[in-house]
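The structure presented is a predicted model; accordingly, all values stated were derived computationally and were not measured. Just the heavy atoms: all of them, side chains too, but no hydrogens, waters or symmetry mates, feed the values below. Each chain gets a letter, A, B and so on, in the order its sequence line appears, and its residues count up from 1.
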There are 2 protein chains.
Amino acid sequence: MKKREYNDGCATAHALDIVGERWALLIMRELMLGPKRFSDLRASLPGISANLLTQRLEGLESVSVLRRRKLPPPAASWVYELTEWGLESEKMIKEIGRWAARSPNMVPGKQMSVNSVILSLRTMFNADLAEGLDFTLGMRLGEQEFITRISQGMLEIDHGEASRGDVLLICDQNALAATVYGGVPLDQLIDDGAIQIKGDKNLLERFCRLFPLPDTAPDLHS
Amino acid sequence: MKKREYNDGCATAHALDIVGERWALLIMRELMLGPKRFSDLRASLPGISANLLTQRLEGLESVSVLRRRKLPPPAASWVYELTEWGLESEKMIKEIGRWAARSPNMVPGKQMSVNSVILSLRTMFNADLAEGLDFTLGMRLGEQEFITRISQGMLEIDHGEASRGDVLLICDQNALAATVYGGVPLDQLIDDGAIQIKGDKNLLERFCRLFPLPDTAPDLHS
DNA sequence: CGGCATCCGGGAAGATACTG
DNA sequence: CAGTATCTTCCCGGATGCCG
C-alpha cells in the first residue's frame, strides 16, 4: 500500500481514496459552475497553499475528475475544468451539504465563496414553495454574473447576463446568504448599502424564502 | 485555528470539518445497520489501528454523530451507535458510493465488509427492474442475518431472521458481491461451495439482476 | 501572472506493544 | 475485550525562491 489507500471494495471507500484528501471536494465545488484558473481557485479557497493546490489538481486530474485545458489566444492561460463525470459529483456534494446543514456545530455567518452560495441555493431550493412562481432574477455577485430562472417549481442558476432578469440584484455573496439563510431583512441590507436592487423588490423577497434550512439536530453535549 | 478547520461557511465544507477525517465515513458506514462494539468495528475496518479508532469515535461522538452506550447486563459491554442525525447520513453515503461506482480507477473484486455489501444493494437497487416482484429473501452472511423484502418496486434490507425468507442464501459477503456485481454465475459459486441455497434458485437469480452498475466514466489517461 | 521546487515545523496517521 | 502508550513516518501548511 504505497499511496495510503483503504483496501476496500466498497465504492464509498473508493470515493474517499480519490476525493477524500483535504481540499479535494472543495476544489470540485469551486469548479462546479465552470472552469477556473489557478489563481481564481486559490482566491476562492481561503487558506490553501499554492503548493497543495498544485498537488490536488494533479491528483484529481490523474483520476479523471478534472482536466487541464489551454484557453485559445489571446487568453492563452490554463484552466481547470471538471470532466463530465466530475460534474456528476454535484448530487453527492449537495447531499453532503444537505446533511451537514443540520449539524449542531455549524456556526452561521462565516464567509462563503460565490460558488458555495450558488450551490447552496441549488441544494436548499424547495420546489413546493415555488409553486406558481415564474420569473427570472439576475445576480451580480462581485465579478460574476448569474441568471436565475424559476418556473414550474424548478430552479435553474447559471452564469449569464444578470441584466436580463426581471429583477437585478447587486451585492456580495455574504449579503445574499445573510438574507436567505440568516433571516436578515432585505430592507436592512439595502439601507446599509450591502445590497442594491433594480426591479420588483417583492419578487426578490419571495425568492429569498424559497430556501428554508432544516432544523438543527440535537447536540449531545449542550 | 487549532483543530485544522476550513474556515468556510459552506455546509459541505463544514461536513468535511466533522466527518472529513480519514476513516470517519467508513466508521459511520459500519454503524449504519445497527450498533457495534469496538472490536467488531475494528474487525470490519481492515487496516485501522485501535489508536485511531478510539480517536475517531471520540471525535464523532463530540459532534453528535454517534453515541456510546452501555448494554444492559449480562452483556454489560459498550456499543457505539449512530444518532438519528447520524443515521440520516445514509443518503449522503449512498450518493458518494453511487458517484464513485463510475470511477475508471475502481478495481473490482476487492474485499468488502458485510455492511458495505448490504448498503451497496440499497444503493444500486433499480426499482424499475423489480416491478411486479414480491418475495422475501433471507441472507446468512457470516455471523450476521438479514431479511430482504422486495415488493411494489421497493427494497428493504434489515437485520432479521434469515430462515423466514421465501429463499435462504448462505454465503460470505464477497461471494454475494461476486455474483451481483461481478457477473459470476450463481451455479458456479454453488458448485464451488461458496454459496448455499435453500429454496427457489430462480428467485435468487432474478434478485441478483436488480442491482446494475452504471457505466464506467472515461479514463483520461488510458 | 501562473505556476513548480524545495525546505521546514507541526500534527495526523500507522505500527507495535502493553495494560486493566 | 477495550482500549492506552509510544514511536515512526508521512502529509499538511507556510515560506521562499525560481522560471517561463
Distance check needed: [N] [atom2] versus [X] [atom1], whole Å only.
| X | N | atom1 | atom2 | answer |
| --- | --- | --- | --- | --- |
| Gln55(A) | dT6(C) | CD | P | 13 Å |
| Ile48(A) | dC12(D) | CD1 | P | 10 Å |
| Glu5(A) | dA13(C) | CD | C1' | 15 Å |
| Leu53(B) | dA13(C) | CG | P | 13 Å |
| Asp17(A) | dC11(D) | CG | P | 13 Å |
| Leu16(A) | dC11(D) | CG | P | 17 Å |
| Lys36(A) | dG2(C) | NZ | P | 13 Å |
| Glu21(B) | dC12(D) | CD | C1' | 13 Å |

Legend entry - Overall bend - the helix from dC1(C)-dG20(D) to dG20(C)-dC1(D), comparing terminal axes fitted on five pairs, nearest 10 degrees: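 The two end axes of the helix from dC1(C)-dG20(D) to dG20(C)-dC1(D) meet at 40°.
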Presence of [X] side-chain N/O under 4.0 Å of [N] phosphate oxygens OP1/OP2:
| X | N | answer |
| --- | --- | --- |
| Arg4(B) | dA12(C) | no |
| Trp23(B) | dG14(C) | yes |
| Arg56(B) | dA12(C) | no |

Under the side chain to side chain contact (heavy atoms under 4.5 Å, CB included) test, residues paired with [X] that sit two or more places apart:
| X | result |
| --- | --- |
| Val184(B) | Ala178(B), Gln188(B), Leu189(B) |
| Ile190(A) | Leu186(A), Asp187(A), Ile195(A), Ile197(A), Lys201(A) |
| Asn115(A) | Glu30(A), Leu33(A), Lys36(A), Ser113(A), Gln144(A) |

Please set out all donor-acceptor pairs under 3.5 angstrom arising from side-chain atoms of residues 50-61 of chain B, sequence neighbours excluded.
unit_1   : atom_1 : unit_2   : atom_2 : d
Thr54(B) : OG1    : Ala50(B) : O      : 2.9
Arg56(B) : NE     : Arg22(B) : O      : 2.7

Inset, instruction - Sorted by first residue and then second, give each ring pair (Phe, Tyr, Trp, His ring centres under 6.0 Å) pair with at least one member in residues 156-179 of chain A; sequence neighbours left out. - result: Phe146(A)-His159(A)
Legend entry - Where at least one partner belongs to residues 17-36 of chain B, residue pairs that pass ring pair (Phe, Tyr, Trp, His ring centres under 6.0 Å), sequence neighbours excluded: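 Non-adjacent pairs meeting ring pair (Phe, Tyr, Trp, His ring centres under 6.0 Å): Tyr6(A)-Trp23(B).
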Legend entry - Where at least one partner belongs to residues 166-180 of chain B, residue pairs that pass salt bridge (Lys or Arg N to Asp or Glu O under 4.0 Å), sequence neighbours excluded: none
Inset, instruction - Assess whether atom CG of Asp215(B) is packed by more than 12 heavy atoms of other residues, nucleotides or ligands within 6.0 Å. - result: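 It does not: Asp215(B) CG has 12 such atoms or fewer within range.
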Legend entry - Donor-acceptor pair between His14(A) and Ser103(B) side chains, under 3.5 angstrom: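 The answer is yes; a qualifying pair exists.
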Restricting both atoms to N or O, compile the protein contacts to nucleotides 1-5 of chain D shorter than 3.5 Å, with distance only.
unit_1 : atom_1 : unit_2   : atom_2 : d
dA2(D) : OP2    : Ser39(B) : N      : 3.2
dA2(D) : OP2    : Ser39(B) : OG     : 2.0
dG3(D) : OP1    : Arg68(B) : NH2    : 2.5
dG3(D) : OP2    : Tyr80(B) : OH     : 2.9
dA5(D) : N6     : Asn51(B) : ND2    : 3.4

